[in-house]
Amino acid sequence: HTKDSVKVAVRVRPFNKRERDAGSRCIISLVSTSISIQDPRDCHNRRSFCFDYAYWSHSGFTRDHTGLFVPEEPGGRYADQDSVFQDLGVGILENSLQGYNATLLAYGQTGSGKSYSMVGYGPNKGLVPKLCDRLFEAIRENQENRQCQVFFSMLEIYNEQVVDLLFRGSRTAGGLRVREELQRGFYVEGLRKIPCENALQVEQLMEQGTRTRTTAATQMNANSSRSHMLIILQLKQIFSKESITKQSNINLVDLAGSERQRSSGSEADRLKEGTAINLSLTTLGNVISALADVAVGKKVVHIPYRDSVLTKLLQSALGGNSRTVMIATLSPADICYEESLSTLRYAERAKRIQNRAVVNESPTE
Ligand code: ADP
Ligand code: MG
């Protein structure tokens, strides 16, 4: 066992059009890995936090002829997708090749850059596609003494229902069941696991899953920012000479928007959403708080993993057998002060969690 705390990164995006039109002020500043936020109504109220990584993606960028966001000048301040991947993605990939489970979570209010960081848009590929590119590269480079298999799954949690994004029928059937087994822990029964040979295949599956997610959301008149998206990459390495099999899961999670949910649907929908959607995110917060208390030596009787679908599926990532990284994304604007401060507080708690990751190896059957 190696004890290992959850690594936390923060990232500040550029102003969006709405913020520019409103003449917003930037209330976030970064110095190395410390970040501070200024209360726009009280110039004496400034709070500072320190994280493992802090990314300034607010200014100092330009777009090249392909539409790629790059620093204005070489070595400039702007943190692009590549530099985030170098810090957060490469480590996760190396861990999983060694046989450790790994989890990457994106947390933040809607529009703050979670999907941009995790998945990316167009040429600005995010952590997931970059990680897949590298994973298959690593597999190709070292083929003599091991055989590798990669499986891809993609699901959504909405109203505490699990929907397989690679299988349209699962939503109409009322969602998939989460089950528990002694060895395996919690898992989704019947979730599709697609074997993949290359990064292009993964990319196509991600597109398919994203399409299913948005069309379903439109049909149900729901907002996909209220659902959690989870990609599970399963890596199986069979070392024939040693007769050892290593198996590791990489969980990649684009969480629902962290803002207090304001529903626009019917009264019934509102009630259902108010309890259920928040249930997973609220429970995640409770689990993180409880684990943070454990880490500072407080007596904690109960970690409420079982209270929501999300925390069941992330149980091993939170205080268990996983190397875990959280990226907390922030709007730079004064109008988002309350939400940004709450994101920073949440991230600060997550930083305290201690995991115990082990290499998952067993004799090849
Ligand atoms: P979320 O998933 O948190 O709701 P998005 O990732 O969709 O938010 O980001 C909202 C908008 O901000 C998108 O148009 C995205 O392109 C832009 N954006 C987010 N982060 C960055 C960044 N680091 N650099 C440039 N643009 C960004
Ligand atoms: Mg998003």
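In listed order, ligands and their atoms are each counted from 1. For this chain, numbers begin at 1 and follow the sequence in order.
In terms of protein heavy-atom proximity, atom 16 (O) of ligand 1 is closest to Y116 CD1, 3.5 Å. The protein heavy atom nearest to atom 26 (N) of ligand 1 is P14 CD, 3.7 Å. Ranking the protein heavy atoms by distance from atom 8 (O) of ligand 1 puts G113 N, 3.2 Å first. For atom 11 (C) of ligand 1, the closest heavy atom belonging to the protein is G111 O, 4.5 Å. Among protein heavy atoms, atom 5 (P) of ligand 1 sits closest to Y121 OH, 3.6 Å.
Of the N or O atoms in T329, none lie within a sub-3.5 Å distance of an N or O in ligand 1.
The distance from ligand 1 to the heavy atoms of R13 drops below 4.0 Å at these ligand atoms: 12 (O), 19 (C), 20 (N), 21 (C). The atoms of ligand 1 that sit less than 4.0 Å from any heavy atom of T110 are 4 (O). Contact atoms of ligand 1 toward S57: 23 (N) (distance under 4.0 Å to a heavy atom of the residue). Interface of Q109 with ligand 1, defined as ligand atoms under 4.0 Å from a residue heavy atom, comprises 3 (O).
Few gaps surround CZ on R146; more than 12 heavy atoms of other groups in view lie less than 6.0 Å from it. Surrounding CD of E197 are at most 12 heavy atoms belonging to other residues, nucleotides or ligands under 6.0 Å away. Counting heavy atoms of neighbouring residues, nucleotides and ligands inside a 6.0 Å radius, atom CZ of R18 does not exceed 12 of them. Summarising the local packing, CD of Q183 is surrounded by 12 or fewer heavy atoms from other residues, nucleotides or ligands at distances under 6.0 Å. For R46, the CZ atom is densely surrounded, since the number of other residues' heavy atoms within 6.0 Å is greater than 12.
There is no protein heavy atom closer than 4.0 angstrom to atom 14 (O) of ligand 1.
Between the side chains of D80 and S83, at least one donor-acceptor pair of N or O atoms lies under 3.5 Å. If you check the side chains of S322 and T103, you find a donor sitting under 3.5 Å from an acceptor. For the residue pair S331/E19, the side-chain donor-acceptor check at 3.5 Å is satisfied. Side chains of Q109 and T343: a donor-acceptor N/O pair is absent below 3.5 angstrom, by distance only.
Residue-ligand proximity: G108 is placed with every non-hydrogen atom at 4.0 Å or more from ligand 1. Residue contact check for ligand 1: Q81 places no non-hydrogen atom closer than 4.0 Å to it. Taking a 4.0 Å cut-off on heavy atoms, Y78 registers as neighbouring ligand 1.
The aromatic rings of W56 and H58 sit perpendicular, their planes meeting at an angle over 60°, well past the 30° parallel limit. Using cut-offs of 30° and 60° on the angle between ring planes, the pair Y78 and F61 is tilted. Taking the six-membered ring where tryptophan is involved, the planes of Y346 and Y107 are essentially parallel, since the angle between them stays under 30° and well short of 60°.
For R11, every heavy-atom contact with ligand 1 shorter than 4.0 Å involves the side chain, none the backbone.
Listing protein N, O or S atoms at distances below 2.8 Å from the Mg ion (ligand 2), with waters left out, gives S115 OG.
Salt bridge K130/E137: absent, no basic N to carboxylate O contact under 4.0 Å.
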